[in-house]
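As structure tokens, the structure follows; a few thoughts come after it.
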Amino acid sequence: MPNYDIRYLDEDGSVKAKIAYECANDIQAKVLAHAMKTAGAKRIEVWDGPTLVYERPERYARAS
């Protein structure tokens, strides 16, 4: 099972909170990230190792 790092950030990019969790896939990690959102966090990032798999709001439009 992949291990995901979920990060909650302030407007300036500083980390408010961070959790590591084992999820079956990216979708489960995204759902968990929203369910566990820290009050006052302005951004959510979900990392699978060194790969950013999800962010809200998106900083850059991704190519299709």
Side-chain angles (χ1 to χ4, degrees):
M1 224 182 248
N3 189 24
Y4 291 86
D5 286 321
I6 301 170
R7 301 174 188 170
Y8 301 97
L9 300 101
D10 272 333
E11 290 175 347
D12 65 0
S14 61
V15 177
K16 283 186 68 85
K18 179 179 168 182
I19 60 172
Y21 208 83
E22 288 188 14
C23 297
N25 54 45
D26 292 355
I27 293 170
Q28 186 182 27
K30 293 172 193 179
V31 170
L32 178 67
H34 283 281
M36 302 289 292
K37 186 176 179 188
T38 301
K42 301 298 180 191
R43 293 189 42 76
I44 298 172
E45 294 180 349
V46 177
W47 294 83
D48 180 3
T51 305
L52 178 65
V53 296
Y54 181 75
E55 63 179 338
R56 283 297 178 265
E58 287 187 83
R59 289 183 280 180
Y60 307 102
R62 296 179 190 223
S64 342

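Rounding to the nearest 0.5 Å gives a distance of 6.5 Å between CD of E45 and CD of E55. Atoms OG1 and NZ, on T38 and K18 in that order, are 13.5 Å from each other to the nearest 0.5 Å. One distance of note links OH of Y4 with CG of N25; it measures 6.0 Å at 0.5 Å rounding.
The cluster map of Ile, Leu, Val, Met, Phe, Trp and Tyr, joined by side-chain heavy atoms under 4.5 Å apart, puts W47 and L9 in different clusters. Side-chain heavy atoms closer than 4.5 Å link hydrophobic residues (I, L, V, M, F, W, Y) into clusters, and following such links, possibly through other members, connects Y54 to I19. In the hydrophobic clustering of this structure, M36 groups with Y21; members are Ile, Leu, Val, Met, Phe, Trp, Tyr whose side-chain heavy atoms approach within less than 4.5 Å, directly or through other members.
Partners of D10 by side-chain contact (heavy atoms from CB on, under 4.5 Å), not counting sequence neighbours, listed by chain and number: D12, S14, K16.
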Item to check | Verdict with reasoning, H34 to R56, per side-chain contact (heavy atoms from CB on, under 4.5 Å) | outcome: CA-CA 10 Å; H34 283 281; R56 283 297 178 265; 4.2 Å; yes
Item to check | Derivation and outcome, side-chain contact (heavy atoms from CB on, under 4.5 Å), residues Y8 and I44 | outcome: CA-CA 5 Å; Y8 301 97; I44 298 172; 3.9 Å; yes
Item to check | CA sep, side-chain torsions, deciding dist, call: I6, L32, side-chain contact (heavy atoms from CB on, under 4.5 Å) | outcome: CA-CA 9 Å; I6 301 170; L32 178 67; 3.9 Å; yes
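The shortest non-hydrogen separation linking A29 to C23 is CA-SG, 3.7 Å. Minimum heavy-atom separation, P57 to K42: CD-O, 3.5 Å.
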